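This structure is a prediction, so every number in the text was calculated from the model and none was measured. When reading the values below, keep in mind they use all heavy atoms of this one structure, side chains included, and skip hydrogens, waters and symmetry mates. Chain letters run A, B, ... following the sequence lines, proteins first, then strands; residues in each count from 1.
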Amino acid sequence: MNEQKKPDVEAIVEEIRKSVSDAEASIPVDFREGVRAENDLHENLAAANRACAAGQKVPAGALGLLTKLVYRLIRPLTGEINEFHAGVVRVLNKLVRILEGGDAPESSELLEKTQRRISMLAQLSERLGEYDDMNIEERLRRIEEKLDQAGESEDK
Amino acid sequence: MNIAFVAPFYGNRAAGGAESECRNTAIHLAATGINVEILTTCALDLQHDWNVNYYKQGESSENGLVIRRFRTEPVDLTPFAQLNQRMLTGGQRLSLDEEKQFIAMHINSFGLYRYLAEHHARYDWICFIPYLFGTTYYGSMLCGDRSVLIPCLHDEAYARMGLFREMFSRVGKVVFHAGSEQRLAQDLYGDLNGRGILLGEGIDTEFESDGGRFRSKYGIEGRFILYAGRKHETKNVHTLVRHFSAYRKERGDDVRLVLMGPGSLSIPEDMEAGIVDLGYVPDQDKKDAYSAASVFCQPSLNESFSIVVMESWTCRTPCLVHGDCAVTREHVVESGGGLYFTSYGEFRGCLDYLLANGDAAGRMGEAGRRYVLSNYSWDVITRRYREMVFGD
């Protein structure tokens with residue numbers, strides 16, 4: 001493609017790979033959950049479902065026991081908050097299902113309209129198939145056949 | 001010679017790689033003396049309501065091309081969204097009847113189909129772009145051997161629909177942008193029996209760009225990595241932001257990430273100084289930014305060509321692409337114009353290499369530019385269309 005020597009990409013990437021140990025290859029945990037496209041509705045909804053109940057994260061060891069105790073003491077308060085969060089998340093889940101048509105009743109009118117559309121397109125393509133078939137060569141061939149047939153019957 | 005391009009959307013405002021390719025290819029082919037017409041709908045683009053006929057129906061002319069617009073069929077998005085959702089997030093294969101429903105509810109225009117049925121013989125070749133639309137599926141059905149499919153094929157759920165296997169088997173010719181796209185088509189649809197043509201895509205290589213102008217206009221100093229494109233999960237830009245956040249935290253503050261393009265993305269609070277989101281910028285500013293950037297990054301996993309990579313190379317800027325995208329990886333390896341990564345460790349290693357080895361990065365940028373000029377400049381692409389596709 002060109003006379004100048006091009007960089008050997010595979011060799012450079014291979015060298016880079018050798019310098020990266022398996023442990024280093026993965027991204028630091030801190031950054032795994034940190035970035036999310038705002039327009040990914042489902043990922044955000046799943047995150048809301050996961051995070052809607054307070055008092056779920058309990059560290060290991062003695063600190064965990066202490067955390068559990070604190071959670072138990074404030075349960076009357078967190079219970080009300082959790083109930084509110086759960087209600088909101090349920091409404092969101094329902095709304096998303098409706099918006100995407102998951103809970104919408106299947107309208108027979110819609111299905112009929114779709115079927116009509118499909119059959120119209122099928123008819124159109126069939127008509128064009130016939131149109132394509134009826135080219136001049138084909139017509140001439142058919143006329144010749146008929147002339148031959150007529151000639152044969154006259155001979156008889 | 002009379003050629004028509006059939007596209008679901010057409011116009012200055014139709015954003016998208018296929019729409020842009022259709023427009024530019026048609027204009028450049030017309031400039032070589034071919035009579036080129038555009039057959040399209042009145043809809044604006046994929047992002048806007050397909051039921052709204054934004055453009056007036058009828059014939060007009062623009063840039064030496066005749067444009068014929070036809071009204072779209074009304075679409076009920078509820079059942080369409082159900083099928084779409086099942087394919088994309090449920091990972092389900094649709095039955096053949098469901099596939100037919102899907103494509104019948106996609107962008108269609110009976111007016112366009114009637115026109116093609118009656119007038120297709122007026123054209124020597126009719127090019128359909130891209131694969132995933134009713135206008136391409138039904139339109140190519142109506143034109144038989146005269147049809148040239150420019151699929152812009154990605155490795156995605158839609159590509160596995162049985163209807164498209166049938167479409168690929170009946171079109172006259174298929175134009176591919178990259179070898180990996182052609183191999184994907186062969187894997188999905190079988191042997192094309194010599195009808196597949198590896199042609200590429202035209203790139204404007206004559207533009208002027210000024211990195212200093214970009215820096216002074218936007219107040220950006222120092223080294224930066226550039227991303228230009230839609231900020232959406234499907235473009236894998238969140239991976240770039242995540243990797244870059246980790247990189248900057250590890251390596252220090254002297255490099256930034258500049259994002260440009262439509263869409264929104266949440267940026268970690270502690271990265272606000274390191275990541276600059278410019279949103280939509282004018283085309284000239286984007287070209288200036290290529291020249292100002294140390295590295296251009298294309299993290300997308302689903303590209304059938306990647307114009308931004310080519311534009312970046314035209315400005316001699318090396319590219320870092322995702323190794324799991326067969327097309328961009330092939331471009332980078334073929335050209336020598338950059339590096340690829342598949343993990344955070346490799347991303348860090350590649351950035352370290354490109355930022356620390358200015359000479360090597362410069363050679364990669366030059367190699368990328370040579371690759372673009374010799375393979376994808378408009379005179380090369382229009383000659384290939386005339387010789388390899390239209391048999392001129």
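Between chain A and the options B:Phe80, B:Tyr340, B:Tyr353, the largest number of non-hydrogen pairs under 4.5 Å is found for B:Tyr340.
Neither the backbone nor the side chain of B:Phe347 comes within contact range of chain A, judged by heavy atoms closer than 4.5 Å. For a residue to count as touching a neighbouring chain, one of its non-hydrogen atoms must lie under 4.5 Å from one of that chain's; by this rule B:Thr342 touches chain A with the side chain only.
Listed here is the closest heavy atom pair of B:Phe128 and B:Cys143: CZ-SG, 3.8 Å.
The pair B:Asp324-B:Arg329 fails the salt-bridge criterion, with no side-chain N (NZ, NE, NH1 or NH2) lying under 4.0 Å from an Asp/Glu carboxylate O.
Scored by the salt bridge (Lys or Arg N to Asp or Glu O under 4.0 Å) test, A:Asp8 finds no partners at all (sequence neighbours excluded).
The aromatic ring centroids of B:His322 and B:Phe341 lie less than 6.0 Å from each other.
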